[in-house]
Undergrad: 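Following this message is one structure expressed as structure tokens.
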Amino acid sequence: MKYKEMSAEQRKTEFDKVSAELEAWKAKGLKLNMARGKPGRAQLELVSDLLTVLSDPAECVDEGVEARNYGELSGVPSAKALFAEILGCRSEQVFIGGNSSLQLMYDTIAKAYTNGLLHSERPWCREEHIKWLCPAPGYDRHFKVTQNFGFEMITIPMTETGPNMDLVEQLIADPTVKGMWNVPKYSNPDGIIYSAETIERIAKMKPAAPDFLLMWDNAYCVHEFEGDYMPFPDILSECAKYGNADMVFEFASTSKITFPGAGVAVFACSEANMAHMEKLIGIQAISFDKINQLRHVKYLKDKATTLALMKKHAAILAPKFKMVTGMLEREIAPLGLATWHEPKGGYFVSVNTLPGLAKRTLALCKEAGVVMTGAGATFPYGVDPKDCNIRVAPSLPPVEELEQAMEVFCCCLKLAALEQLK
Ligand SMILES: Cc1ncc(COP(=O)(O)O)c(C=O)c1O
């Protein structure tokens with residue numbers, strides 16, 4: 001029975017029961033973490049061959065490029081070819097950076113700030129005011145980047161098919177709106193896949209700002225954990241089709257394919273943008289870690305081999321996601337306390353509680369030793385207007401620990417709801 005439909009007396013009984021349950025959890029002294037989308041140990045072990053795949057110095061030359069020395073700022077040819085195949089673009093459009101796509105994203109915006117983009121009238125630091133479109137719930141670290149540069153972040157509600165495009169199209173008529181975040185496939189945290197219509201509307205946008213920057217973070221481009229790989233449009237050619245070739249920068253990395261923090265990150269953009277960026281990046285770096293690039297090429301080989309590896313990750317991840325959604329279905333759905341998506345890829349389950357329950361639920365979880373992403377983190381400035389969105393990251397704990405963590409979570413959500421109804 002839904003809590004709202006219970007009599008005061010029934011709710012009191014339930015409150016006493018759930019409070020006792022929480023006290024019992026607290027007494028166990030748990031230390032569980034569902035805060036960040038980190039691969040679990042079994043996933044790291046799955047890719048251990050990466051550590052030894054490149055041991056022969058003779059293999060450190062790639063199409064004439066000596067990987068052990070300076071040079072080839074944009075990456076070794078075989079790595080560019082691999083990522084071009086994965087993303088569906090051309091090798092010349094790919095820049096292989098260091099170990100983090102987040103850093104490449106930050107750096108792209110930093111370059112717009114200090115130097116300006118290809119079509120900027122002036123560096124963004126000389127602009128009086130900059131606004132930025134933030135589909136939300138979204139990735140907390142994106143929002144921190146644009147907050148760091150002092151941009152005014154505007155929340156765009158997410159729908160089942162991507163950001164609310166009516167609102168986006170209205171807002172881009174303002175020339176101070178300079179860009180937009182996107183996680184188009186298995187969005188963080190909702191696991192939403194932008195529809196073909198949404199992608200087309202984005203690709204054909206006509207922003208008033210000549211240097212509008214479409215940040216296309218394809219972090220989960222091959223990360224299905226249920227079903228087969230789902231082909232996805234190449235945003236570079238989509239944008240080019242509508243005369244917007246220079247509007248978009250796409251990002252990806254192997255953080256959740258091989259080792260997070262020790263993988264390879266890339267951006268892809270038009271050749272004109274590439275020339276502009278190479279000039280600027282060449283001031284700060286002579287070259288990136290080409291040996292790691294080669295290691296990844298030797299290990300991942302091509303898109304088909306990469307997708308086969310992703311199937312093995314999926315076999316580890318799928319039971320964890322099933323555990324989370326199954327528990328929510330059993331424990332929370334009948335009480336009418338929250339809704340959630342059933343993602344088929346990515347790294348998160350996004351839970352939307354009744355208004356005003358997220359912060360309290362997570363505070364109670366913390367008391368019981370279960371750490372989750374902070375309430376509000378999925379919104380610009382860390383403020384969730386309805387205090388309802390909670391990002392669950394099931395990948396790190398082993399299934400048995402995850403089960404405990406989810407039991408604690410459900411218990412805390414129930415208690416928060418009962419407190420509110422008192
Ligand atoms: C949407 C999204 N983009 C980027 C990243 C970070 O990627 P990287 O390790 O390449 O910096 C994450 C990590 O959780 C993410 O969820």
Side-chain angles (χ1 to χ4, degrees), residues 33-40 43-44 47 50 75 79 82-83 86-87 94-110 133-146 148 156 158 162-163 179-194 213-225 232 235 248-268 288-289 292-293 296 300 306 310 313 317 320-321 341 343 345-350 372-374 377-380 389 391-396:
N33 193 314
M34 292 196 293
R36 300 232 65 100
K38 288 185 181 181
Q43 288 178 271
L44 301 180
V47 294
L50 181 65
L82 170 65
F83 279 98
I86 290 175
L87 295 174
V94 175
F95 186 104
I96 318 275
N99 65 333
S100 158
S101 62
L102 183 66
Q103 193 238 331
L104 290 177
M105 290 180 246
Y106 180 99
D107 199 46
T108 305
I109 292 173
L133 306 184
C134 299
Y139 180 33
D140 53 347
R141 292 184 194 269
H142 283 166
F143 301 152
K144 284 200 177 124
V145 172
T146 31
N148 184 58
I156 308 291
M158 275 297 264
M180 176 180 179
W181 288 116
N182 294 276
V183 183
K185 191 174 168 186
Y186 305 124
S187 70
N188 177 348
D190 285 327
I192 286 169
I193 303 168
Y194 285 21
L213 174 54
L214 183 72
M215 297 291 279
W216 197 257
D217 180 1
N218 214 344
Y220 300 108
C221 53
V222 289
H223 299 59
E224 14 287 295
F225 55 74
F232 203 64
I235 191 67
V248 60
F249 278 76
E250 180 174 22
F251 301 86
S253 78
T254 63
S255 286
K256 280 138 196 179
I257 299 174
T258 59
F259 298 132
V264 175
V266 309
F267 69 77
F288 291 90
D289 184 348
N292 198 32
Q293 293 173 20
H296 276 77
L300 297 174
T306 306
M310 296 315 287
H313 280 295
L317 284 172
K320 297 186 179 186
F321 279 83
H341 299 269
Y347 262 68
F348 305 99
V349 178
S350 177
M372 319 246 318
T373 313
T378 50
F379 283 79
N389 187 249
R391 188 181 81 163
V392 180
S395 55
L396 183 64

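Every number for a ligand or one of its atoms is a count from 1 in the order of the listing.
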Undergrad: Answer yes or no on whether Lys256 is positioned over the face of Tyr347, meaning its NZ or CZ is under 6.0 Å from the six-membered ring centre and within 45° of the axis.
TA: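 Yes, a cation-pi geometry.
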
Undergrad: Between Ser101 and Asp217, does any side-chain donor sit less than 3.5 Å from a side-chain acceptor?
TA: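 Note: Ser101 and Asp217 side chains miss the donor-acceptor criterion.
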
Undergrad: Is the ring pair Phe95/Phe288 parallel, tilted or perpendicular, if the boundaries are 30 and 60 degrees?
TA: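 The arrangement is perpendicular - the two ring planes meet at more than 60°.
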
Undergrad: Please check this pair: side chain of Asn182 against backbone of Met215, looking for a donor-acceptor N/O pair closer than 3.5 Å.
TA: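 Yes: the side chain of Asn182 pairs with the backbone of Met215.
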
Undergrad: Aromatic contact between Phe321 and Phe225, with the criterion being ring centroids under 6.0 Å apart: yes or no?
TA: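 Yes, they do, as the ring centres are separated by less than 6.0 Å.
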
Undergrad: Return a table of N or O atom pairs, ligand 1 on one side and protein on the other, at distances under 3.5 Å, rounded to 0.1 Å.
TA:
| residue | atom | partner | partner atom | Å |
| --- | --- | --- | --- | --- |
| ligand 1 | 3 (N) | Asp217 | OD2 | 2.5 |
| ligand 1 | 7 (O) | Ser101 | OG | 3.2 |
| ligand 1 | 9 (O) | Ser255 | OG | 2.6 |
| ligand 1 | 10 (O) | Ser101 | N | 2.8 |
| ligand 1 | 10 (O) | Ser101 | OG | 2.7 |
| ligand 1 | 10 (O) | Ser253 | OG | 2.8 |
| ligand 1 | 10 (O) | Ser255 | OG | 3.3 |
| ligand 1 | 11 (O) | Ser100 | OG | 2.8 |
| ligand 1 | 11 (O) | Ser101 | N | 3.2 |
| ligand 1 | 11 (O) | Leu102 | N | 3.0 |
| ligand 1 | 14 (O) | Lys256 | NZ | 2.6 |
| ligand 1 | 16 (O) | Asn188 | ND2 | 2.9 |
| ligand 1 | 16 (O) | Tyr220 | OH | 2.6 |

Undergrad: How about Trp216 and Phe267: are their ring centroids closer than 6.0 Å?
TA: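 Centroid separation for Trp216 and Phe267: 6.0 Å or greater.
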
